[in-house]
Amino acid sequence: MSPPLLELNNIGITFGGLTALEGVNTQVSAGQIKAIIGPNGAGKTTLFNIISGIYTPTVGEVTLNGEIINGQEVSGLSPHHISEKGITRTFQTIRLFEGMTVLENVMVGQHQKTNAGFFAAAFRLPSALQEEQRIEEKAMALLEQFDLADRAQEVATDLPFGLQRRVEITRALATEPKIILLDEPAAGLNNTEGHELMTFIRKIRDSGVTVLLVEHDMEVVMGLVDEVLVLEYGRPIADDVPTAVQSNPEVIRAYLGDE
Amino acid sequence: MKVNTFFKQTLAIVILIAVVSGALYLGNQKNFGWPQYTQLALEGLRGGAIYALIALGIVTIYNVTGIINFAQGGFAMLGAMLAVSVNNAQQLSEMGVGLRLVLAFFVAVSLTTLVGLLIERLAIYPARNAEPLTQIIITVGVFIVMQGVAFLIWGSDQYTLPAFTTLEVRDMPIRFSGILIKAQSFWIWGTVAIVMVLLYYFFEKTMWGKALRACAINRQAARLMGISPNRMSALSFALAAALGAIGGFVLGPATRPSYDMGLTLGLKGFVAAIMGGLVNAPAAVLGGILLGMIENLGAGITKAGIKDIFAFIILIFVLLFRPDGILSKRETVEKV
Amino acid sequence: MALLTLNNVNTFYGQIQALKDVTLEVNAGEIVALVGANGAGKTTLLNTISGLLPAKSGTIQFDNQSLNQKSAAQIVKAGISHVPEHRQVFGDMTVHDNLLLGAYQRYRKVGMKKVEADIDWVYNIFPRLKERREQFSRTMSGGEQQMLAIGRGMMARPKLMLFDEPSLGLAPLIVKDLFEVISNLRSEGMTILLVEQNARAALRLADRGYVLETGSVELEGEAEALLSDDRVQKAYLGG
Amino acid sequence: MLKSLREKNLGILALIIAVFFVGWLEQVEPGGVGITELTFGIFTFNTVVRIGILTIVVVGLNILVGYAGQVSLGQAAFYGIGAYVSAVFTVQAKALGIPEAIASAWIWPWFLMLLGVLITGGFTWLIGRPILRLKGHYLGMATLGLGIMIFILFRENFAIKPSTVIITGGLDGLPDVPRLSIGSYELWPLHRYFYLVWFFAVSAIIIGRNVVNSRVGRAMRAIHGSEIAAEVMGVDTAKFKLQALVMSTMMASLAGSLYAHFQAAVSPTPFDFVASLELVVMSATGGVGTIWGAPLGVTIILGLGEFLRANLHFLGAGSEVEPIVFGLILILIMIFMPEGIAKQITKLFNRRKSNQQTPEVSA
């Protein structure tokens, strides 16, 4: 059997003596949609920050296709290196680039796929112009694919909230990732937008990108994902298919309190 | 990360050793002995005490409002110049010098405090939600206006204030085995010490002081206590203005006050505040004192003209190696 | 009679609508629990009541006066004390100073003597705080900090207290103590609006409850009835 | 996209026409009379040249501050490095032991201009990485400190050992910086120099515009929007911040050299801390995040200064009122138009546009 696409081995991290995560082990196979859930302060976003290389874990390591991409021994890697290797993400609070159009936002996602330097840009060398043309087409194609093409020239941060979410995800997809991390993609969306989002995420998976998401909206989680990892106080308490997690007494206790 | 920290620490130590040995070498070239070094350090301590006062004002405002106040040096200038005006006033020539100085002190401090309050209400409050860079530029604008008005009132002359001990322009030097200290230095140290004690009392024992601290620690929780951040912002500017004015007043006799004395003082105050990590008042005081001594020693062993450069060398080193201040123990965690 | 009434309140965080047409009541002398999953808008609701976040539309009535357009300070003065989430004690200040600041909006009116007497009242309820009166509050355990946050809220001598997830991050035994304290506060004549993620514990304590889901009230009723209602679990874990 | 490009080229074309028009005006009525009349006495020809020089600096600063989002409060010092390299190695050539044949060649000042740019760029490239790791206030303070350090070196009396010549001229500065020439064609009187300055200024605007509308510029703007989001998009943020800094300081140095040959003298004051802040103010007034904000901001601030100097005495006030009015206007601009005037204009424009489109949007 081939190794899982993404593997977390005994991840732990402490901040100033406080343990935020401890003993987190999990695997994500290619083509899956997997969710991380848990009560407030369980360490879900911290885990995302580790996978995307923003934090280095105190113990343990993250591997992608069997290669260690984050951990104490490879601590020099910045998030942009990890993005290059094929992991990208979105954020809990949308971080679209201010003042840039939807198209330009998505074109930034193509950054690694291009290499025009400073001088090529300053003097509009033909190579740079061709490259611009290429990634503009590529970005437009992505926008078409995810029904955003008619918004391409609008300033991204002026769009309605639900669309901003989708632009942010499309931008991340423009990096051509193997795996995309979505941090609370449904937060702040109404029911219609929530359902649209579920369709959208399935579309992403069908296009060959593995999805790992943090989500509170249980309707989204249960209706969408293949597996759920449940964290409580930085420790995993369940890692299973949704129906099993839903009836897991530990999980119910974590959410609702003792019987 | 670990390798990085180790490298940084080693580099810092190597630089420190290089600087100290370089300084000693240069000192030797000039045949410096302990008396000279002590003399330089003590003279530096005088400036350092003033920097400490200015840094305290900057730290207070920063803690409460998050604004770096470029006009802080202007408060010191205003304190000194207002004192000069009172002292030189024709109408008061009947009065004894000592009494006049006491009056000058109260006029300088209260008027400057009022100016601080006005600045906060008119220039800072309307932009309280603006970007930090915008706010910084506003305080720069305030400083330019203050300096411009000062030039209008006092011209470009350098004035004098009588020394507090002799009540004359010429101060009394005090000798200790080869070291010479002006009596005004003791007034400066004494005043700064008293101000520190009063500030401590204010922040620790009064409800206003506690409310200011609460606002600095957690603005939202402070609001839930019924503390208004807007009022605290005004209070912090008033307090900072008073601190600056006191500094300018006691420094007056030791320098020649003029309309443009604020810039350098303000900048040195920043360096001191940043040495303290911008939020830590006692560390800022220590920063001010250290800064005064280092720059004076540095100028002594090299050239007097480049005295100011040391402050900024220190500034850059502190920012690069100890961005949380010289006393900080924690490692900065990058926030997302 | 209703002490606090919210009518069709809508609140936004930037562009996100965090509360949608929320209508609820708290009667004098009640404990009302407000439960719901992460991100349901519970904290936003409390922040809207206490004036930290302005409501975009709708009315908030408290004790026969409107709270719309009132500043946080005025709302404290009107008699609402908000014990915020994550405790938010002033860490670099002593326990005693934290309590003093709790009386900030009224110390000039009632005088320091009365304030000190109130502090003794709080110390009586939380003897642990008295032991630690000169200690910096950040050096205390989570449970002690929560007690301090509550004591600090009590120092405003409010008619209504808002609690935001007081059980968060505390061991079950301490949570039990805490809930007992909250229940005792009611016997002292205070009205309580309690936000909890821990739905079962909160509903056991409360008279009535509201279940919030993505910014709107999905369910309301007697606490007893809600406890046995399957739809509550659904609101948390989906159906 | 193509359409918007054409619009931008139109702007540049208009600017070039304006430059030739002003140059022609000067030749018809020398001494700046034409300009002065046209602008109701605010601008002299001299000011127009200064606007050109400072535009180069502010275009660079706009890229750094407005696009890459990194504050520099010490930019005047880099402007000063260019000026001092040009001045010291021409005026003090003899004292520095530079052979007469080299120092008097027409190409020598041009070489120095390039040298200044390379020195400045090299210097900021070396020190940029650690400094740019700082953020917000801290970066502002570090660049401020750096600027003041360099300024103190300009001001200081450094003598070359055997002789007693003070190479930077200390507080008095250096007089008699030669004019530039190409071969035997001297770029003087002023209208010739004017064309040179504006050639560089227009080039700076074009290059700036090209850069910000490219992959590099997009990366910089992304960093401004969110450094961490840019990172996860694969942008090496440290690299692009450094590029923006190096580019902006090189532009500043180039402008500094032009300034030295324009004034035919250098002294420390134009490169001090206040000058650095004035540059930031120009950039902010014009509007950070637009290249056209640079010439606009420079024009407004310099024009304001000239206007105050020329007109305040009519109001019964002396020139000493100028900084006060300047400071007050600065505060007002920051309170009421924090995004700058260019942005305000664009917004007004867009609002009108979007008003026309309203039915479509609401459908």
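In what follows, chains carry the letters A, B, and so on, assigned in the order in which the sequence lines appear, proteins first and then strands, with residues in each chain numbered from 1.
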I'd like to check [X] versus [Y] (side-chain heavy atoms, cut-off strictly below 4.5 Å). Are they in contact?
{"X": "D:Val211", "Y": "A:Phe118", "result": "yes"}
{"X": "A:Thr88", "Y": "D:Met233", "result": "yes"}
{"X": "D:Asn213", "Y": "A:Arg124", "result": "yes"}
{"X": "A:His111", "Y": "D:Phe240", "result": "yes"}
{"X": "A:Phe91", "Y": "D:Val232", "result": "yes"}
{"X": "A:Glu132", "Y": "D:Arg218", "result": "yes"}

Look only at the side chain of A:Arg95 and the backbone of D:Ala229, and say whether a donor-acceptor pair between them is shorter than 3.5 Å. no
Electrostatic pair D:Glu231:A:Arg89 at N-O distance under 4.0 angstrom: no
One thing to verify: whether A:Glu104 and D:Arg221 come together as a salt bridge, which I'm taking to mean a side-chain N less than 4.0 angstrom from a carboxylate O. yes
When D:Ala222, D:Ala230, D:Gly225 are compared by non-hydrogen pairs under 4.5 Å with chain A, the top option: D:Ala222
Quick one: which of D:Ala238, D:Ala219, D:Ser214 has the most heavy-atom pairs under 4.5 Å with chain A, could you say? D:Ser214
For [X], is the [atom1] atom crowded, meaning more than 12 foreign heavy atoms sit under 6.0 Å from it?
{"X": "A:Gln145", "atom1": "CD", "value": "yes"}
{"X": "A:Lys85", "atom1": "NZ", "value": "no"}
{"X": "D:Trp110", "atom1": "CH2", "value": "yes"}
{"X": "A:Glu193", "atom1": "CD", "value": "yes"}

Given that the side chain runs from C-beta out, which part of [X] has a heavy atom under 4.5 Å from chain D: side chain, backbone, both or neither?
{"X": "A:Glu131", "value": "side chain"}
{"X": "A:Leu129", "value": "neither"}
{"X": "A:Ala128", "value": "neither"}

Specify which of [options] makes the most heavy-atom pairs with chain D at under 4.5 Å.
{"options": "A:Arg171, A:Gln112, A:Met100", "value": "A:Met100"}
{"options": "A:Gly99, A:Ala116, A:Ala152", "value": "A:Ala116"}
{"options": "A:Pro79, A:Ser78, A:Ser52, A:Gly53", "value": "A:Pro79"}
{"options": "A:Pro177, A:Gly117, A:Ala121", "value": "A:Ala121"}

Of all heavy-atom pairs linking A:Ala122 and D:Ile207, the shortest is CB-CG2, 3.6 Å
Closest approach of D:Ile228 and A:Ile54, non-hydrogen atoms and distance? CG1-CD1, 3.6 Å
What is the distance from atom CD1 of A:Ile135 to atom CZ of D:Arg215, rounded to the nearest 0.5 Å? 8.0 Å
